[in-house]
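Here the structure comes first, spelled out in C-alpha cells, and everything after it is commentary.
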Amino acid sequence: MKRRDFILKSLTAGVLAGAFFKAGALPKMGATLNGKSNPNKPLDLVAVMGGEPVAMFTKAIAALGGMGVYVKKGQTVVVKPNIGWDTTPELAANTNPELIGEIVKQCISAGAKEVYVFDNTCDTWDRCYNNSGIEKAVKSAGGKMVPGNTENYYKTVTVPNGKKLTEAKVHELIINSDVFINVPVLKHHSSAKLTICMKNLMGIVWDRRYWHKNNLHQCIADFASWKKPTLNIVDAYRVMTRNGPRGVGQADIVMKKALIISADMVAADAAAAKIFGTEPSEIPYIQIAHDMGIGNMNLDELNIERIKA
Amino acid sequence: MNIVGLLSLKNFRRIIATIYIVLFGFAFIDFSSTLSPSFIKSLLYFQFTPSLIQFLKFGGIAATGYIIVILLTLLFGRIYCSALCPLGIFQDFISRIRIKSPRYKYLKPWNWIRYTFLAVVVGFAISGWLFLLNLVEPYSIAGRIFSDLVRPVYFWLNNVGVKILGLFNSYALHQVTFVGMPLSSLIITGAITFIVIVLAWRLGRIFCNTLCPVGAILSIASRYSIFKLVINESACTSCKRCARDCKASCIDIELKNIDFSRCVACYNCIGSCKEGGIGYKFAWQPKPKQQEEIIVDESRRKFFVTAIGIASASYLLKPLRTLAQNSSTENSQPEGSSRAGKRKNSRKAPITPPGSSNFPDFTKACTACHLCVSACPTHVLQPSVKEYGLWGIMQPHMDFRSGFCNYECTRCGDVCPTGAIKPLVLETKKRTQLGIARFHRGNCIVQVDGTECGACSEHCPTKAVHMVPFGGLYFPEVRNELCIGCGACEYACPTTPYKAIYVNGNIEHGIAELPEAIDEGPRKSTLEEFPF
C-alpha cells in the first residue's frame, strides 16, 4: 500500500466513523420511535416525500382518514394558497396548481357546499390568479375563485393574545366559512427567512405594511394565535431556496418533492423548515409562536406518519 | 319611416357613430383588459392627432390613419367629425339629450380667430410643447372624459353591483378602487368637459369650428372636397328647416349656400329638407373662389405665430431638475410604534413608462389621452401634476404611491396610439431600466427600529434589491446594474410619510443586466430521507 493510499483510506474511515457517531447522537424519535408513527395515538403530522403533488396529497390525506374527517356535508370551505405573484407554476412562487385543484376536488367529494379560493396578492391579483394556473385548476375542479383585492372584503378582528398585533382586517371568507384550509408553498423569503404556514396567513389580512413596521416576526406569531386553520397543507414539491419570495428564475428551485399536512401550523412550519435545510429555531417567528404556545416545534414530541411515495 | 329613410346617410352615420363611441368609451373605462391591445389600436387607427404624431415622430404603416381621414375629407367632407371623432359624437349626444331639440341658426365663420389659434397650437406642438394641443385636441379630451370622469362612475356602478350580488353570496363581480388620479387632472378635465357641454348644449358644434385643431385642418381639406353638400336652388323654398337643424350653423339660407368647410357631415339637413333639395354634388374646383384670401394670409400668420410659439416656449419651460417627493397619503392605517420614514427624499427625475425611451421624447409625443392610465393593471401610471413641469401636466408618469410596474406586463406600450410609449417585447421590457432605486438608510425600519422588514427586497422581481446581514439584522442593498426601476420596492416600503427606498428616474432609459443563471432549470434535491 502506498503512503498516499493509506492516508486516503484512513481519512475515509475516520470520516465514516465520525458520521456513525454523529448519527448515533441524533435526538431520539420520541413519540415516533424509529420513524414509525404510533397507531394508538392520533397523528399530529403527516409527511410525504418522493412523489408528484397530487399523489403525495392523496396518500397523506388518506393516512389522516380522508377529507371527510375535516369537511362535512353542506359546509363551506375556504382554501388559501399562496398566489402572491404573477409567475408561472414552474417558478414555484405560488402554490402548485394541481395540488390546489385536487384539494378542491376532494372537498367537493366530501360534500362541501362551496369551495372558495382566494389570496391577497402582491402583484396584480387577476394576473396572479391566471398565470399561477390556480384559477383554471380551481374552476375545473368545481371551486370558486374569490377576489381579495380591495379593503371592502376585509373585516376587523381582534387578536387577544397578540403582543404587537392586537387587531387586523381579515377577509370575510375566513370569518364566514366553516372550514379553513391553509395551503402555503415552502419558499425562501427575504423578509421572514422562510414562508410556510404562519407567514401564508399574511395573505388573509389587508394591512400588511403594519406588520413590516412593527416587528414582523412578532406580528406573524401574534396573528397565528388568532385562528387555527382546520388543516395546513405545505407544498414542498418545487422549493425556492433563494431569491424568495418572488424568485428570479428556475435555477432558484430545488425539486424537494415533499408535502406536509398538519393541523398544527408551528409543527408544520418546523417540519418544512427541516426539509428546506434550516433549523426551526433559526426562524424567529417559529420560535416565538412555539414559546407563545400556539403549537409545538419539537418534532420529536409529535406523532408523525412518514410516507415515501 | 320608410326603408329609404332608415338607410339614409344620417342613420348610417348614427349607427357607425354609436357603435364607435361605445367601443371607444369601453376601451377607456374597462378595468379587466377585456379588449385586446391590437383591437384597441385598430379602433384608434383613424384618430387624427395620435396618428399624425406617430407618423411625424416614428413613421410606419400603422400611422397612416390620418392620411385616410384627409383623403376621405377630400372626397366627401368632414366625415371624421361626425362618425369617428369621439368628442364630436359626445357633443351630438349632449345636444340630443336636451328635452326640447335645439334650433340652430346660421353663424358667420370666425376664421381669423380659428386659424390663428390653430397656428398657435401647431407652433407650440412643433416646438415640443403639447400642452395647448392636449387641452383642445378632440381625441385626447374624449379619452380623458372617459378615463378621468366616466371611469370612476363605472367603477362605482360595478361596486354597487358587487354589493347586490354579495346579498346572494355571489363573487361573480369584484370590487374595484379608483386610485391615484390627481385632483389637478380631475379639475382640468372637468372644466374642459363643462365648457364642451355648455357649448354643445347651446351652440351645437361651435367647438369643432372654432377651437378644434383637427376640425380646422379638415376644414382646409374640405374646401377642396370632390363631392359637396349643396342646396338645389330651384327646389329651395327658404323654409329654413335645414338651417335650424344644422348643428354646425353653416347653412346660409339667404345665399342658399352651405359653408362646406364648416360642415361636419352629420346629414341632418338632407332629412330636414321636405323638398329633397339638399344632397351631394360633384363640386371639384381647382381653386375655391371665396376663401382664397384667407388661405394665403394664413400661411404667413402661421409662420409668425410659430416663431413666437417656439420663442415663448423655450423661455417659459425650464426642465425641472429637482422634484420633491410627495409624501405618501394612501396610508390611513395606524402607525404603530415605528419611528422610521421621517426624512425627506429628493427624487432627481420623474419616471416615464417603459417603452417611452426618454423623458423629452415622451413628453413631446404624448397627447395625455389617459388610455394607458386606464389600461395599466397596477394603476402605477397616473396623470402627472408637476413631475414633467407645468406644461407636461396630465401626461402620465409612474406614480409609485398608487402601484408598481408589473414585471410581466407590456400593456401601456401595446395600447398607446401616438407611439409616445412604444410597444416592447416582454423580454426587452424586463430589462428596460426606467430608473434606479436608491436606499435611504435613515428612513429604514431595520435601521431606526432595529426589527426585520425586507418588504422592498420581497417585491423586487430581479433581486436588484437584496438583503445583506449587518449587526444581526438584514439590510437592503441595491445592485444598480440589475435594477429596472419598476418601483416595487418603493411601493412596498411601509414607512410613512417618506419611503426608505425610492426610484430616481433615468432621463434616458437604460438596459439592466440579466440576473445570473436564471434559466439553468431547477436543481435536484440531495434530500433522500426525512430530516426529522
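In what follows, chains are A, B, ... by sequence order, proteins preceding strands, each numbered from 1. Below, all heavy atoms of this structure are taken into account, side chains as well, without hydrogens, waters or symmetry copies. The structure displayed is predicted, hence computed values, not measured ones.
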In Å and rounded to the nearest 0.5 Å, what is the CZ to CD1 distance from B/F530 to A/I304? 9.5 Å
Intermediate values then yes/no, side-chain hydrogen bond (donor to acceptor under 3.5 Å, both in side chains), B/T496 and A/R209: CA-CA 10 Å; B/T496 48; A/R209 281 188 184 146; over 6 Å; no
Scanning both residues in full, the closest heavy-atom pair of B/P461 with A/V248 reads O-CG2, 4.0 Å
Distance col, row A/R246:CZ vs B/T462:OG1, nearest 0.5 angstrom, shows 9.0 Å
So how far is it from B/D449 CG to A/N214 CG, rounded to the nearest 0.5 Å? 7.5 Å
Need one label for A/K256: side chain, backbone, both or neither, based on atoms under 4.5 Å from any heavy atom in chain B. both
Side chain, backbone, both or neither: which part of A/N215 has an atom under 4.5 Å from a heavy atom of chain B? both
Within a reach of under 6.0 Å around NZ of A/K155, are more than 12 heavy atoms found that belong to other residues, nucleotides or ligands? yes
If you tally heavy-atom pairs under 4.5 Å against chain A, which of B/A172, B/C456, B/C409 wins? B/C409
How many angstroms lie between atom OG1 of A/T195 and atom CD of B/E458, to the nearest 0.5 angstrom? 8.5 Å
Considering only heavy atoms and a distance below 4.5 Å, find which of A/M145, A/H189, A/K144 pairs most often with chain B. A/H189
Identify the heavy atoms of B/F532 and A/A47 that sit nearest to each other, and give their distance. CZ-CB, 3.7 Å
Can you confirm whether B/P531 sits close enough to A/I275 that some side-chain heavy atom of one is under 4.5 Å from a side-chain heavy atom of the other? yes
Taking side chain as everything from C-beta outward and backbone as N, CA, C, O, which of these in A/W206 sits under 4.5 Å from a heavy atom of chain B? Side chain, backbone, both or neither. neither
Tell me whether B/R343 at atom CZ has more than 12 heavy atoms from other residues, nucleotides or ligands lying less than 6.0 Å away. no
Residue from B/A492, B/C453, B/S457 scoring the most non-hydrogen pairs under 4.5 Å with chain A is B/C453
Please name the pair of heavy atoms, one in A/S191 and one in B/E452, separated by the smallest distance, quoted to 0.1 Å. O-CB, 4.2 Å
Chain B contacts, top residue of A/G50, A/C122, A/G247 (heavy-atom pairs, under 4.5 Å): A/C122
For side-chain contact (heavy atoms from CB on, under 4.5 Å), just list the numbers for B/V162 and A/Y153, CA-CA rounded to whole Å, side-chain angles, deciding distance to a tenth of an Å, and then say yes or no. CA-CA 11 Å; B/V162 173; A/Y153 296 109; 4.1 Å; yes
B/S525 versus chain A, the contacting section by heavy-atom distance below 4.5 Å: both
B/E529 and side chain to side chain contact (heavy atoms under 4.5 Å, CB included): which partner among A/R306, A/K308, A/M49? A/K308
B/N159 CG to A/N152 CG distance, which is reported to the nearest 0.5 Å: 6.5 Å
Examine whether an atom of A/E90 lies under 4.5 Å from a heavy atom of chain B, and if so say whether it belongs to the side chain, the backbone or both; otherwise answer neither. neither
Taking heavy atoms only and a threshold strictly under 4.5 Å, list by residue number the residues of residues 464-486 of chain B that touch chain A; give 'none' if the list is empty. B/M467, B/Y474
Proximity breakdown for A/T124 and chain B, heavy-atom pairs closer than 4.5 Å: both
For B/R523 and A/A251 the tightest heavy-atom approach is NE-O, 2.9 Å
Using modelled atom types only, decide if a donor and an acceptor are shared between the side chain of B/N406 and the backbone of A/D123 within a distance under 3.5 Å. no
Turns out that what part of A/K257 lies under 4.5 Å from chain B's heavy atoms comes down to neither
For the pair B/H459 and A/W85, name the ring-plane relationship: parallel under 30°, tilted 30 to 60°, perpendicular over 60°. perpendicular
Which pair of non-hydrogen atoms, one from A/H212 and one from B/P494, has the smallest distance, and what is that distance? CB-CG, 3.6 Å
State the OH-CZ distance between B/Y407 and A/R127, to the nearest 0.5 angstrom. 13.5 Å
More than 12 heavy atoms of other residues, nucleotides or ligands under 6.0 Å from CD1 of B/I511: is that the case? no
